[in-house]
Amino acid sequence: MKTSQLLIPTLRDDPGEAETVSHRLMLRAGMIRKTAAGIYTYLPLGLRVIRKVETIIREEMNRAGAQELLMPIASPAELWKETGRWNYYGKELFRFKDRHERDFCLGPTHEEVITDLFRREVRSYRQLPLNFYQIQTKFRDEIRPRFGLMRGREFIMKDAYSFDLDEEGARASYQKMYDAYTRIFTRCGLTFRAVEADTGLIGGDVSHEFMVLAATGEATVVYTAEGTYAANLERAEVLPPTRVDDTPPQPLTAVTTPNCRTVEEVTSFLNISPHRLVKTLLYLADNEPVAVLIRGDHELNEVKLARLLGVTDIALADAATVSRLTNAPVGFAGPIGLSGIRIVADHAVSAMRNMVVGANQADTHYLNANWDRDFKVERFADLRNAQAGDPSPRGDGPLILAKGIEVGQVFLLGTKYSKSMNATILDAHGKERYAVMGCYGIGVGRTAAAAIEQHHDEKGIVWPYPIAPFHVHLVPVSQSARTVATAAHLYEVLTEGGIEVLWDDRDERAGVKFNDADLIGAPFQVVVGDKGLADGVIEVKIRRSGAKSRVAPADLVPHLRRLAEELA
RNA sequence: CGGGGCGUAGCGCAGCCCGGUAGCGCGCCUGCUUUGGGAGCAGGAUGUCGGAGGUUCAAAUCCUCUCGCCCCGACCA
């Protein structure tokens, strides 16, 4: 393609609205433009990358035995009411009414729609296993869309749904998808890890997320350097403490701690280390107050708490509720004398003696508090976030923390949807059984954005070859007849050689073209100029390394093929 | 939804405090010169100052309401 035939509105300056690298570079390289918050138009260059990622996904999904179909973007409320998600999904579900006042929503995911299709059309176990996928625009009315394509409200997703007769079959389908995902992200040139994950709104028993490791990632992953354990921080297990503090209990003592509300303030005022202190967090769990005890240097994990309490809605209590429950201002809550509310505690607290806690009284804490003696704990459980250096739950070394971008997730759903929607099949004995399902998503735009997060430099994007919008950026460096004619010739030759070329045919200065080429990030730049032509050569620059080589025009295609091999 | 911030030319911003009818850089258009890493000179175009209402002789500037957007948090693939 010629640049004169494509809208590629590159920006010289960083747009003010973009913070992250991928968002900034996608805007600057003229790949996307915002239409509304979290809603983007893909310009030709951006769309080409999206299509590249989609093609890789299609090839691998087809290879794994999945079949492509396309479901509607609008779905009727009835289906969502069958599974209960019409209420459960919350404000993220974008609802609207048609002209007859019937309720609809924009599909944020398609379990209901596909399960409805399945129960209507599939009767026999002989038709299984089945795996359907689509690549389609999803809409989730995110609380806070951000970072460009990384977290949009409208976004392109590949979603797949598998149906099996039994658990064993479902596991095999799950594993196939897991393997396909591994191939897909590898082919996209990403450094990633599959981690154990929470199942969230989708539900189900087993789940893995595919995390692209990048500093700008919104998720935290924990893993071990040598071993195999890797999990989302939301889910990462923390082992109970092995060493118990065996100092003898000391008498409970109240001390004045003026204006010391935070762990930092209390511990520095009392001159103790944070692991001697226990913070008492008051939560509303499905509107029931609960006190949670966590060691001062630890962080509560709300997913674990919600799971332990068996609730769906969990939030830190507001200041008014805290004062009502503790008769004290926020910052001085403690377990002693806290009546009429459940008290749960992290495992680590069970190993502590003579701890410091709030006294439920302004400007006061207790020293030497001991559980059982001074207050009762209903239950000790794993409630905190793992920290770097914690032992792996699999015993394979200390945990490492890193940031990741979740580009895909696979779920073993079990019969959650087939039961609520009565999706049954007949087995070999003529008996009705609920289909055992799995579902599998990939954020297409997010994958492209993640690739930029991992592959860029100060000049711009450095695309991995397989998802680059073009393989070669052809840069004629002057407007001389000879240069232009050579560029036109090379364009033909490269195109015939199956190489995708972006030919910068603008009448711009060399510097402008070079800078745009670096920004757009095609793996190779082919530079044609009078100087080189005088020597009978053209120049090839590798975007990633900056390495330049000179070749005769006739050798260009094989030369590029060789370089592409080396890059892969 | 809570907290913070921003809407002025295509992009980045100044002007607002202290009212007097809009400016800078880049980009864009024309011409000449230039032409291997974001050219020089000369000339030119472009703004309902996010929107509505109010105060005032006069509003980008002050007041009220409203819409949009960004950042942090809660939440989430």
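Naming convention: chains lettered A, B, ... in sequence-line order (proteins, then strands); numbering from 1 in each chain. Every value quoted in this text rests on a predicted model; they were computed, and no experiment measured them.
Regarding contacts with the backbone of rG38(B), every side-chain N or O of K459(A) stays at 4.0 angstrom or more from both OP1 and OP2. Side-chain nitrogen and oxygen atoms of R146(A) include at least one within less than 4.0 Å of the OP1 or OP2 phosphate oxygen of rC72(B). Residue R144(A) has a polar side-chain atom (N or O) positioned under 4.0 Å from OP1 or OP2 of rC71(B).
With rounding to whole Å, D13(A) atom CG is found 14 Å from rA9(B) atom P. F147(A) has its CZ atom 17 Å from the P atom of rC69(B), to the nearest Å. Distance NZ (K513(A)) to P (rG37(B)): 13 Å, rounded to an integer number of Å. Residue E92(A) contributes atom CD, which lies 12 Å from atom P of rC75(B) at whole-angstrom precision. The CG atom of N301(A) sits 12 Å away from the P atom of rC76(B) (whole-angstrom rounding). A straight line from CZ of F210(A) to P of rA77(B) spans 16 Å, rounded to a whole angstrom. Protein atom CD of E234(A) is 8 Å distant from nucleotide atom P of rC76(B), rounded to whole Å. When rounded to the nearest whole Å, the span between CD of E19(A) and P of rG12(B) equals 13 Å.
Base engagement by G443(A) is indicated by at least one non-hydrogen atom pair under 4.0 Å involving a base atom. Residue-level contact check: K541(A) touches the bases, meaning some heavy atom is under 4.0 Å from a base atom. The residue K138(A) sits apart from the nucleic acid: no heavy atom pair falls under 4.0 Å. Contacts of R33(A) with the nucleic acid, taken as non-hydrogen atoms under 4.0 Å apart, are absent. Counting non-hydrogen atoms under 4.0 angstrom, D530(A) reaches a base of the nucleic acid. Among the atoms of the strands shown, only primed sugar atoms or phosphate atoms (P, OP1, OP2) are found under 4.0 Å from some heavy atom of E302(A). Residue contacts shown for A36(A) are limited to sugar-phosphate atoms, with no base heavy atom under 4.0 Å away. Counting any heavy atom pair closer than 4.0 Å across all strands shown, V407(A) reaches no nucleic acid atom. Nucleic acid contact for G408(A): none, since no nucleic acid atom lies under 4.0 Å from a heavy atom of the residue.
The side chain of K34(A) approaches rC69(B) more closely than any other nucleotide in the set rC1(B), rG36(B), rC69(B). Picking from rG38(B), rA77(B), rC70(B) the nucleotide with the shortest atom distance to the side chain of E142(A) gives rA77(B). Taking every side-chain heavy atom of R140(A) into account, rA77(B) is the closest of rG36(B), rA77(B), rC69(B).
Closest of all the heavy-atom pairs between L533(A) and R482(A) is O-NH2, 2.9 Å.
No more than 12 heavy-atom neighbours from other residues, nucleotides or ligands sit within 6.0 angstrom of CZ on R544(A). Atom NZ of K541(A) has more than 12 heavy atoms from other residues, nucleotides or ligands within 6.0 Å.
Side-chain polar atoms of R85(A) and N87(A) form no donor-acceptor pair below 3.5 angstrom. With 3.5 Å as the limit, one finds a donor-acceptor pair spanning the side chains of Y181(A) and K158(A).
At a cut-off of 3.5 angstrom, counting only N and O atoms as typed in the model, there is a donor on one side and an acceptor on the other between the side-chain of E539(A) and the base of rG36(B). The base of rG36(B) lies outside donor-acceptor range of the side chain of K548(A), with no N or O pair under 3.5 Å.
Residues Y40(A) and F155(A) keep their aromatic ring centres 6.0 Å or farther apart.
Among V21(A), I452(A), V49(A), D518(A), the one residue that satisfies the side-chain contact (heavy atoms from CB on, under 4.5 Å) test with I461(A) is I452(A).
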Checklist outcome for this item: In B/S/- notation (B base, S sugar-phosphate only, - none; protein heavy atoms under 4.0 Å), nucleotides 39-47 of chain B written 5' to 3' is B--------
